[in-house]
Amino acid sequence: MRHDLVIFDNDGVLVDSEPISNRLLAAYLTELGHPTSYEDSLRDYMGAAMHRVHDLIGERTGQRLPEDFDDVFHGRVFAAFEKELKPVAGVEELLQKLTADAVPYCVASSGSHERIRVGHRTTGLDRWFDEGRIFSSQDVGRGKPAPDLFLYAAERMRVAPERCVVVEDSPLGVRAAVAAGMDVYGFTAMTSADRLAGATQLFSDMGELADMLL
């Protein structure tokens, strides 16, 4: 194996949450008077921490989102997760293979710790991720595309950045991994290959990723 640690993004890589959360984010922003399509949400916010939503709306409109925006949004997302969320196809088999081969892995997500855990409990992926394998943008000062989160995860897992590979599906995440000095495998299930052009390699299903990692 070329790498000593596999760092997974969460949303869109482990759990199939991007269609749910971006649909709801677009609807909520539109409801608040900031017209946003599903495609707009994917383009602007996919892979980002919540502060990016506040920052972009502020930059574009000069207005601030409501104080309870994050709480209301996450309440809607978690309710939808309970009904709709599934693991990404093939990811459980991949995690099983990594575990069987004693390959270290973790998750480093722009989402909050609560969001990660709700998604994992709902899909049953919590069996693969104990507390020591979960890292959130809440743990660092800046979210993706800054490299801070990936560097923090590598430090906590005691692996040098250049020995890590990141699995990402968003342009922001790819930029963060590159800035961290890590290889990055770009997942093209929801994002076109040209938008992940900075990735070391690209793949379209988890079966391909298993062959790339092991």
Side-chain angles (χ1 to χ4, degrees), residues 1-22 42 46-47 81 84-111 113 115-137 144 149-154 156-178 180 182-193 195-196 198-214:
M1 174 161 168
R2 294 171 48 201
H3 304 96
D4 296 332
L5 177 66
V6 182
I7 304 177
F8 290 100
D9 176 42
N10 188 57
D11 294 292
V13 171
L14 296 176
V15 295
D16 194 15
S17 54
E18 293 290 10
I20 300 170
S21 58
N22 282 283
L42 289 175
M46 182 175 168
F81 278 3
E84 303 176 44
L85 190 63
K86 296 182 178 0
V88 168
V91 79
E92 291 182 275
E93 293 82 359
L94 174 61
L95 293 170
Q96 188 173 19
K97 289 179 181 177
L98 293 177
T99 301
D101 286 7
V103 176
Y105 65 87
C106 65
V107 58
S109 172
S110 292
H113 277 283
R115 178 179 172 128
I116 298 167
R117 286 163 172 77
V118 168
H120 287 191
R121 285 197 305 270
T122 303
T123 58
L125 293 185
D126 54 342
R127 63 179 291 209
W128 302 105
F129 290 92
D130 56 40
E131 292 296 314
R133 296 177 190 259
I134 299 176
F135 307 104
S136 161
S137 62
K144 305 169 189 178
L149 176 57
F150 291 141
L151 292 172
Y152 176 75
R156 290 290 302 274
M157 297 293 289
R158 299 182 180 180
V159 176
E162 64 270 19
R163 298 299 303 163
C164 299
V165 60
V166 176
V167 183
E168 264 287 355
D169 70 331
S170 75
L172 293 175
V174 169
R175 286 168 55 193
V178 171
M182 300 177 180
D183 283 345
V184 53
Y185 293 166
F187 186 32
T188 59
M190 281 194 61
T191 307
S192 61
R195 296 192 67 215
L196 302 179
T200 311
Q201 295 189 60
L202 300 173
F203 69 100
S204 59
D205 67 64
M206 288 296 160
E208 291 179 65
L209 181 59
D211 293 337
M212 293 161 64
L213 291 174
L214 299 172

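These numbers come from a predicted model, not from an experiment. Hydrogens, waters and symmetry mates play no part in the numbers below; they use all other heavy atoms, side chains included.
- Closest of all the heavy-atom pairs between K144 and G47 is CD-O, 3.8 Å.
- Taking every heavy atom of both residues into account, G173 and S170 meet most closely at N-OG, 3.0 Å.
- Distance check, rounded to the nearest 0.5 Å: CD of E168 to CG of N10 gives 10.5 Å.
- Between E131 and R117 there is a salt bridge, since a side-chain N of the basic residue sits under 4.0 Å from a carboxylate O of the acidic one.
- L125 places a side-chain heavy atom less than 4.5 Å from the side chain of E92.
- A donor-acceptor pair is defined here as one N or O able to donate and one able to accept, closer than 3.5 Å; such a pair exists between the side chain of D130 and the backbone of G132.
- Side-chain atoms of R163 come within 3.5 Å of backbone N or O of R2 as a donor-acceptor pair.
- Taking CG from L213 and CE from M206, the interatomic distance works out to 9.5 Å, rounded to the nearest 0.5 Å.
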Evaluate the ring pair (Phe, Tyr, Trp, His ring centres under 6.0 Å) criterion for residues F150 and F135: first the C-alpha distance (whole Å), next the side-chain angles of each, then the deciding distance (0.1 Å), finally the verdict.
CA-CA 9 Å; F150 291 141; F135 307 104; over 10 Å; no
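- Between the side chains of S17 and D11, at least one donor N or O sits under 3.5 Å from an acceptor N or O.
- Remark: F187 CZ to L202 CG distance equals 11.5 Å, nearest 0.5 Å.
- Within the 3.5 Å criterion, the main-chain N or O of F203 finds a donor-acceptor partner in the side chain of T188.
- L95 CG to L14 CG: the interatomic distance, rounded to the nearest 0.5 Å, is 6.5 Å.
- Smallest separation of non-hydrogen atoms from H120 and V15: CD2-CG1, 4.3 Å.
- Separating the CZ atom in F8 from the SG atom in C106 is a distance of 9.0 Å, to the nearest 0.5 Å.
- Side chains of Y105 and T99 form a contact here, defined as non-hydrogen atoms less than 4.5 Å apart.
- The structure places CE of M46 at 4.5 Å from CD of E18, a figure rounded to the nearest 0.5 Å.
- With a 4.5 Å cut-off on side-chain heavy atoms, D9 and V166 do not count as touching.
- Of all heavy-atom pairs between S136 and G111, the closest is OG-O, 2.7 Å.
- Between A210 and K97, the shortest heavy-atom distance links the atoms CB-NZ, 4.1 Å.
- R115 and S21 form a side-chain donor-acceptor contact under 3.5 Å, judged by distance and modelled atom types alone.
- Minimum heavy-atom separation, D4 to P104: O-CG, 3.4 Å.
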